[in-house]
Structures are given as C-alpha cells and as structure tokens.
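In this chain, residues are counted from 1 in sequence order.
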Amino acid sequence: MKIIVLGAAAGGGFPQWNSNADGCRRARRGDPVARSRTQASVAVSHDGERWFLLNAAPDLRQQINETPALHPRTGLRDSPIAGVVLTGGDVDAIAGLLTLRERQPFTVHATQRIHDVLDANPIFEVLARDVVVRTVQALDRPFTLEGPLRATLFAVPGKVPLYLEGDGAEPPPIIVDGTTVGAEITDGTKRMLYIPGCAAMTDDLRARIDGADILFFDGTLWRDDEMVAAGIGQKTGRRMGHMSLSGGEGTMAALRPVNVGRRVIIHMNNSNPVLLADSAERAEAEAAGWTVAHDGMEFAI
C-alpha cells in the first residue's frame, strides 16, 4: 500500500493567511525549521496508478499540482484520482470537492450524515451526478475501493462542524454517531487508520487502533488551552472537538500502551509548536515515537 501526505495542517494551513504569529512569520520567510503545510489530506493506492483521497482539502488544486502521482497521464482529460473518502463535513474536509468539478468521473464515499451535508448545499451540484457517484457507506461495514483495497468508516468522538452548530448558547455535546468518523484502509495484509479529528479516546477506539501498521491521528493542538493562552481564540481544543497531544489525557498518553507500527501526527493547527522542528514539543513528540507529518511525505506498507 502506498500513501502520500497531501497536506498536514489543520484548517487555515501553515502559515494561516491572517496569522502574524512567530511560527507563521517564519514559515512565510521560508525558514526550513517552520516548513509550510497545506490542509490535511492523504492519498492512498494499492499500485501507484489509481489513487483515493482521504478528505478533499480547500488546498486540493495546489496539492494535486505538487504531487506528480496525481497528474493526468493520457488524453486531453484524465486523472488517476478514483475516489474520495470523507471523514467529516468540516470545511477543510469537503471544500476541495469543488476543485474536482470538471466532469471527471470519480466516487465520493461518505456516511449518510455527510452526504446530507453535501446534498443540502446546492453548490456541490457542480459535481455532476451523471459522472460523480455519491455512495453512502454504513459505519463498520467494509467496502471495496479498488483491487485489494477495502475501506471501513467508523465513528469516533466528535461534534458537528462549527458552521452547523446554530446559535445555541450551550456548546454542542461530544457525540459518537457518525458525524465524525475515521477511515480504516487495508489491502488484506497491511492496515492504516486515518483519524484527523477526535474529541476523546475510548476503549473501542484503542482496540481498533491496536495492531495498525500506520496511524494518522489528530494533532490539532499541543495543549487544550493553546489558542486561548496565545490570545488568538476563545475556544479550547475540547470545545472544537479535538484531543490535545500532551497532558495526562492527551493523545500521546492515551495511545502510549497501544501497539502501532508508525504513529503520525496530522491536522496540526498553526499555533501548535510541533510544527517547528526546533521546538521542545517536537522533540518530546518524536521521543514518544511520533512522526510529525509534512506535505509530500510518502509511506509504503
């Protein structure tokens, strides 16, 4: 199985367009310690010929242009992108679908909840339904992508996208109902998990992760109050539906005893110090066995 990281940052990318924080300034200057990253997505293939995207980030056009494996190969119109698997309805997971609107056949795989989000917004009708197939996939039921590749969508703790929260005074509860999902991809021998958003660890989720050959996991924030402490937001990580990497209840601690081949941090907010190769937080994460993803990173399992 071949895997390419198309983007590794959270919504807004790194540097974020309106951020004047030190890390973003360093990224704009081309500082190699603060490597730029687009918004999170990976591509997976069993043969390197036909590829499936896990989420369609707003930066998808740039990601395709920077990834030769996804370039057209024959004829006047062509793409090796065979499908997109969606793990949520957030802007940074679905906006890139609009890039794929030039009547190129492919399949969109998602839960009914996420298809409902797409169906409710007429702008997504630019994906002509006579060429782009929208396939509803049930949770915990494997489905074939192509050849030996099979995928399974499974619920993880999360919440509705921010733009769907409404005007209620109380924050929406953390739920496990298919609004936020992870994707498991296997070729029958090896197994990868892609979980770019997760609000809490559960015993069921640990059990699913156990034994994976490679895990891509939500690394939005290093600490829960990171954005509040930096003066750039009022919401904690938990409020936004994301675990933090550090701390006694953080991702690194929660998954320390779990058997995983490769542990890869993905979907990092521009405020997260692990983005900086010279930070103490990066050193701590790497010492704990985690790899910090960057655009263009490739894996073969």
Side-chain angles (χ1 to χ4, degrees), residues 5 7-14 16 19 21 23 37-42 54-55 57-58 86-95 113-114 154-165 170-183 193-202 204-206 208-209 215-230 232-256 258 263-275 281-282 284-285 288 290-293:
V5 177
F14 181 67
Q16 183 172 296
S19 174
R37 290 164 169 84
T38 59
Q39 294 166 88
S41 175
V42 305
L54 303 185
N55 290 340
L86 299 176
T87 67
D90 289 292
V91 172
D92 55 344
I94 65 175
R113 284 184 178 271
I114 302 310
F154 55 93
V156 300
K159 66 172 192 60
V160 298
L162 287 172
Y163 66 90
L164 293 178
E165 284 188 7
E170 295 297 323
I174 300 301
I175 51 179
V176 186
D177 68 346
T179 299
T180 301
V181 304
L193 293 177
Y194 183 68
I195 308 173
C198 183
M201 186 57 59
T202 65
D204 286 345
L205 185 54
R206 281 193 190 89
R208 186 179 288 273
I209 292 171
L215 166 69
F216 294 87
F217 199 86
D218 183 357
T220 305
L221 300 178
W222 178 256
R223 48 183 281 188
D224 189 54
D225 65 348
E226 181 176 305
M227 296 179 65
V228 178
I232 57 175
Q234 299 301 313
K235 295 178 180 178
T236 64
R238 289 183 182 276
R239 172 64 181 83
M240 296 186 293
H242 297 284
M243 294 180 67
S244 300
L245 287 168
S246 66
E249 296 182 354
T251 298
M252 293 191 299
L255 292 178
R256 186 176 294 122
V258 180
R263 303 163 188 255
V264 184
I265 300 169
I266 202 162
H267 195 272
M268 292 161 282
N269 191 61
N270 69 89
S271 62
N272 193 330
V274 296
L275 288 166
E281 291 85 356
R282 170 74 73 88
E284 182 178 343
W290 289 85
T291 297
V292 176

Looking only at heavy atoms, what is the nearest atom pair of [X] and [Y], with distance?
X: L86; Y: A93; result: CD2-O, 3.5 Å
X: L205; Y: C198; result: CD2-SG, 3.6 Å
X: A95; Y: P58; result: CB-CG, 3.8 Å
X: M201; Y: M243; result: N-SD, 3.6 Å
X: A57; Y: A40; result: CB-O, 4.0 Å

Output yes when a side-chain donor or acceptor of [X] lies under 3.5 Å from a complementary backbone atom of [Y], and no otherwise.
X: S244; Y: S246; value: no
X: R37; Y: A293; value: yes
X: R206; Y: A254; value: yes
X: E226; Y: N272; value: yes

Inset, instruction - Examine R263 relative to F217 and say whether NZ or CZ is less than 6.0 Å from the centre of the six-membered ring and inside a 45° cone about the ring axis. - result: no
Inset, instruction - Could you check L54 against T87 for side chain to side chain contact (heavy atoms under 4.5 Å, CB included), going step by step and ending with a plain yes or no? - result: CA-CA 7 Å; L54 303 185; T87 67; 5.5 Å; no
I'd like to check [X] versus [Y] (side-chain heavy atoms, cut-off strictly below 4.5 Å). Are they in contact?
X: L245; Y: V274; result: yes
X: L215; Y: W290; result: yes
X: H242; Y: L221; result: no
X: F154; Y: R208; result: yes

Inset, instruction - Assess whether side chain to side chain contact (heavy atoms under 4.5 Å, CB included) is satisfied between M252 and W222, documenting all intermediate values. - result: CA-CA 10 Å; M252 293 191 299; W222 178 256; 3.4 Å; yes
Inset, instruction - Kindly indicate, with the supporting measurements, whether the criterion side chain to side chain contact (heavy atoms under 4.5 Å, CB included) is fulfilled by V42 and I266. - result: CA-CA 10 Å; V42 305; I266 202 162; 3.7 Å; yes
Could you tell me whether the side chains of [X] and [Y] share a donor-acceptor contact shorter than 3.5 Å?
X: N55; Y: S41; value: no
X: H267; Y: D92; value: yes
X: D218; Y: T220; value: yes

Legend entry - Intermediate values then yes/no, side chain to side chain contact (heavy atoms under 4.5 Å, CB included), V5 and F216: CA-CA 10 Å; V5 177; F216 294 87; 3.9 Å; yes
Legend entry - Sole candidate of T251, T180, I209, V181 that passes side chain to side chain contact (heavy atoms under 4.5 Å, CB included) when paired with I195: I209
